[in-house]
Visitor: 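Before I ask anything, let me first share the structure, which is written out below as C-alpha cells.
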Amino acid sequence: MEESTATATATSSTRYFSIFTNYPLISAVTAFTIAQFIKLFTSWYRERRWDLKQLIGSGGMPSSHSATVTALAVSIGLQEGFGGSHFAIALVLASVVMYDATGVRLHAGRQAEVLNQIVYELPAEHPLAESRPLRELLGHTPPQVVAGGMLGSVTAVTGYLFTRIATS
C-alpha cells in the first residue's frame, strides 16, 4: 500500500513540474522575453535613452504578441504535427492576434494621438485640460508584426533543435 501511495505522489509531482518541460510554452515565453528586450534596444536606438517601460509595454519593434503566438503555433506544429487540431487552434489564434495588432490596436493608438492633441489644445479652465494623456503606442505596423512573427518562428525552431539534440 505504501509503495502505490509513493508512486501516486511521484506521478502527481511529475505532472505539476512537467510545465517546466513544456516545449511550446517555453518557446512562447522565450519569444516574448526576447522581443521585449529587443524593444528596449530599438527604443534606445531611436531615442538615445533607456526606457525600461519597454520591457513591459505593448507596441514597438518587434511585436512581442506576434512573437509569442507564432512561437506557440510553430512549436506545436513541430511537436505534434502541422496537420493536427492543436496546430489549427494555435494558427487561428496567431492570425487573430496579429490581425488585431495591425488593425484595431494600431488604429486605437492613432485615435489616442488625435485625442491627446485635442485635449492639449483645450483652454486651461476646461475640465478635461488636466486629464492624463491616453497611451498612444498600442498596436503595430505590419513590419513590426512580421518581425515578431519571424522572431517567434526562429525561437520555436531553435528550441525544437535544442530539444532534439538534448534527447538524442
Visitor: Give me the atom names and distance for the closest heavy-atom approach of P62 to G148.
Guide: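 Smallest interatomic distance, heavy atoms only, reads CB-N, 3.7 Å.
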Visitor: Sub-3.5 Å donor-acceptor pair from the side chain of Y23 to the main-chain atoms of A156, do we have one?
Guide: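 Yes, because the side chain of Y23 sits within donor-acceptor range (under 3.5 Å) of the backbone of A156.
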Visitor: Between atom OG of S64 and atom CD1 of I34, what is the distance when rounded to the nearest 0.5 Å?
Guide: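 S64 OG to I34 CD1: 12.0 Å, rounded to 0.5 Å.
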Visitor: I'd like to know if F82 and Y160 are part of one continuous hydrophobic network [Ile/Leu/Val/Met/Phe/Trp/Tyr, side-chain heavy atoms within less than 4.5 Å].
Guide: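 As far as the 4.5 Å side-chain criterion goes, F82 and Y160 are connected within one cluster.
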Visitor: Please report the interatomic distance NE2(H65) to CG(D100), rounded to the nearest 0.5 Å.
Guide: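 With rounding to 0.5 Å, NE2 (H65) is 9.0 Å from CG (D100).
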Visitor: For K39, is there any backbone N or O sitting under 3.5 Å from a side-chain donor or acceptor partner on T42?
Guide: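 Yes: the side chain of T42 pairs with the backbone of K39.
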Visitor: Spell out, yes or no, whether I76 and L161 are grouped together once hydrophobic residues are joined by side-chain heavy atoms under 4.5 Å, including indirect joins.
Guide: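 Yes, it is one cluster - the side chains of I76 and L161 are joined through contacts under 4.5 Å.
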Visitor: If two hydrophobic side chains count as joined below 4.5 Å and joins carry through other members, does I38 share a cluster with V157?
Guide: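 No; V157 is not reachable from I38 via cluster members.
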Visitor: So how far is it from L72 CG to I26 CD1, rounded to the nearest 0.5 Å?
Guide: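 The distance works out to 12.5 Å.
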Visitor: Just list the side-chain donor-acceptor pairs under 3.5 Å for residues 86-97, sequence neighbours left out, or say none.
Guide:
unit_1	atom_1	unit_2	atom_2	d
H86	ND1	E80	OE1	2.6
S95	OG	L91	O	2.9

Visitor: Would you name the heavy atoms of L151 and A31 that are closest together and state the gap between them?
Guide: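 The pair with the smallest heavy-atom distance is CD2-O, 3.9 Å.
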Visitor: For a side chain to side chain donor-acceptor pair (under 3.5 Å) check, start with the C-alpha distance between S63 and Q144, then their side-chain angles and the critical distance, and finish with the verdict.
Guide: CA-CA 5 Å; S63 166; Q144 292 170 336; over 6 Å; no
Visitor: Could you give the distance from CE (M150) to OG1 (T155), rounded to the nearest 0.5 Å?
Guide: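 Here the interatomic distance stands at 11.5 Å.
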Visitor: Under 3.5 Å, side chain of T70 to main-chain N/O of A67, donor-acceptor pair present?
Guide: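 Absent.
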Visitor: Where is the tightest heavy-atom contact between Q79 and P24, given as atom of each residue plus distance?
Guide: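 Closest pair (atom of Q79, atom of P24, distance): OE1-CD, 3.4 Å.
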Visitor: Provide the closest heavy-atom pair for G149 versus M98 in the form atom of the first, atom of the second, distance.
Guide: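 For G149 versus M98, the nearest heavy atoms are CA-CE, 4.3 Å.
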Visitor: So, using ring-ring contact (aromatic ring centres under 6.0 Å, His included) as the criterion, who are the partners of F41 when residues are at least two apart?
Guide: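 So F41 forms a ring-ring contact (aromatic ring centres under 6.0 Å, His included) with W50.
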